[in-house]
Amino acid sequence: MALKTDAVGKSWPAYEYEVGREKIREYAQVIGFDNPVYFDAEAARAAGYRDIVAPPMFVVVYAAGAMGPVLFDPDVEMNFAAMVHGGQEFEWGEPVCSGDLITTSTTCKDIYPKDGKGFYVFETESKNQNGDLVCKATWTNIVRGIEE
Amino acid sequence: MSAKEKGEKIAGLKVTPDKFLPHRYAGASGDFNPIHIDKEFAQMVGLPTTILHGLYVMGLVAKAATEEAGGDPRALKRLSVQFRGMSMPETEIEVSGEVIEADGADVTFDLIAAQGENQVIRNASAVISYP
């Protein structure tokens, strides 16, 4: 199957995620954190946060809803059966706390063939309710067995 | 917490995810791809058994980097990884690394997450800003 590149440059509507305490606790617990700033609001406030703070990698929770529909977009035509997650890059800004409203927008930066594989590069930008950047991410998916 | 010097090893971490970790991570993250939670499906698509989520392992790398700087989540400024292998539940994961650049309060770590000889994540680069 030839590589379809129609989606390069395309942007998708922003996705909103409201951050709650229990979701942060659930994520922090599964990763194995014991730092009270992720569980206890008073400890978080004592450390200078507005409320329970999210671990940086909580971005996978608030940005996932933005990336999901993109992979199912007909312009992308992702071959899920041959897809692997190749690489991931995050750059963090303002911390994310319980009560924040995070808005994530997605752009397709590139789709290119290399060594018989298709590389799909997406960028997400997540901002909080004050318009501050909380995380900029680059997601690279690789699809095996394409025609060049 | 004092900043590190180039070449210095980090403490890293070791964890053995139990059999049901991928189910809990699926719930926490919202990623219910059946290759992580359904053994029959995983084997049908040619995997030996269910595999861990790559972003879970990246979460462990982020934890190791953050804890190296004293645990404050504000310390982690940047993290990039390449996923290079599959990892399984019920096998120990070790995250290790060293300082490759130290510029005042900002330190760059090169990190690896491995199960034995199998490097699941390599060339991970974390930028930490020491408080």
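Because the structure is a prediction, the values reported are computed rather than measured.
- Val15(B) and Ile10(B) fall within a single hydrophobic cluster, where Ile, Leu, Val, Met, Phe, Trp and Tyr are joined by side-chain heavy atoms under 4.5 Å apart, directly or via other members.
- Residues Met88(B) and Phe41(B) share a hydrophobic cluster, clusters being chains of Ile/Leu/Val/Met/Phe/Trp/Tyr side chains in contact below 4.5 Å.
- When side chains are defined from C-beta on, Trp92(A) counts as touching Leu79(B), because their heavy atoms get closer than 4.5 Å.
- Counting heavy atoms from C-beta outward, Phe90(A) and Arg78(B) have side chains that stay 4.5 Å or more apart.
- Contact of Tyr38(A) with chain B is made through the side chain alone, with heavy-atom distances under 4.5 Å.
- The line from CG of Asp72(B) to CG of Asn35(A) is 7.5 Å long, rounded to the nearest 0.5 Å.
- To the nearest 0.5 Å, atom CD of residue Gln82(B) and atom CD1 of residue Ile142(A) are 8.5 Å apart.
- Minimum interatomic distance between Met57(A) and Ala62(B) (heavy atoms only, all atoms of both residues): CG-CB, 3.4 Å.
- Atom CG of Leu21(B) sits about 8.0 Å away from atom CD1 of Ile31(A), to the nearest 0.5 Å.
- Within 6.0 Å of atom CZ in Phe80(A), more than 12 heavy atoms from other residues, nucleotides or ligands are found, so the atom counts as buried in its surroundings.
- In this structure the side chain of Arg74(B) reaches within 4.5 angstrom of the side chain of Tyr49(A), judged on heavy atoms.
- Top candidate by heavy-atom pairs under 4.5 Å with chain B, chosen from Glu26(A), Gln88(A), Glu94(A), Lys23(A), is Gln88(A).
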Evaluation steps, side chain to side chain contact (heavy atoms under 4.5 Å, CB included), between Lys77(B) and Glu91(A): CA-CA 6 Å; Lys77(B) 299 297 179 196; Glu91(A) 205 176 315; over 6 Å; no
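- Interface check for chain B: of the options Gly48(A), Ala47(A), Ala54(A), Gly87(A), the most heavy-atom pairs under 4.5 Å are formed by Gly87(A).
- Connection of Val45(B) to Met83(A) is not established within any shared hydrophobic cluster, with ILVMFWY side chains joined at heavy-atom distances below 4.5 Å, either directly or through further cluster members.
- Ala28(B) and Val30(A) make their closest contact through CB-CG1, 3.9 Å (heavy atoms, listed as atom of the first residue, atom of the second, distance).
- With contacts defined as side-chain heavy-atom distances shorter than 4.5 Å, the pair Pro56(A)/Pro73(B) qualifies.
- Residue Lys10(A) places its NZ atom among more than 12 non-hydrogen atoms of other residues, nucleotides or ligands, all under 6.0 Å distant.
- Hydrophobic clustering (side-chain heavy atoms under 4.5 Å, transitive across Ile, Leu, Val, Met, Phe, Trp, Tyr) keeps Ile100(B) apart from Val127(B).
- Phe83(B) places none of its side-chain heavy atoms less than 4.5 Å from the side chain of Val84(A).
- Between Tyr25(B) and Val60(A) there is a side-chain heavy-atom pair separated by less than 4.5 Å.
- Contact annotation for Val81(B): both backbone and side-chain heavy atoms come within less than 4.5 Å of a heavy atom of chain A.
- By the criterion of side-chain heavy atoms lying less than 4.5 angstrom apart, applied directly or through intervening Ile, Leu, Val, Met, Phe, Trp or Tyr residues, Phe119(A) is not grouped with Met78(A); the two fall into different hydrophobic clusters.
- Heavy-atom contacts from other residues, nucleotides or ligands closer than 6.0 Å to CD of Glu92(B) number more than 12.
- The environment of Gln43(B) atom CD is dense: over 12 non-hydrogen atoms of other residues, nucleotides or ligands sit within 6.0 angstrom.
- For Gln129(A), the CD atom sits in a packed shell: over 12 heavy atoms of surrounding residues, nucleotides or ligands are nearer than 6.0 Å.
- Put simply, the side chain of His85(A) reaches to within 4.5 Å of the side chain of Leu55(B), judged on heavy atoms.
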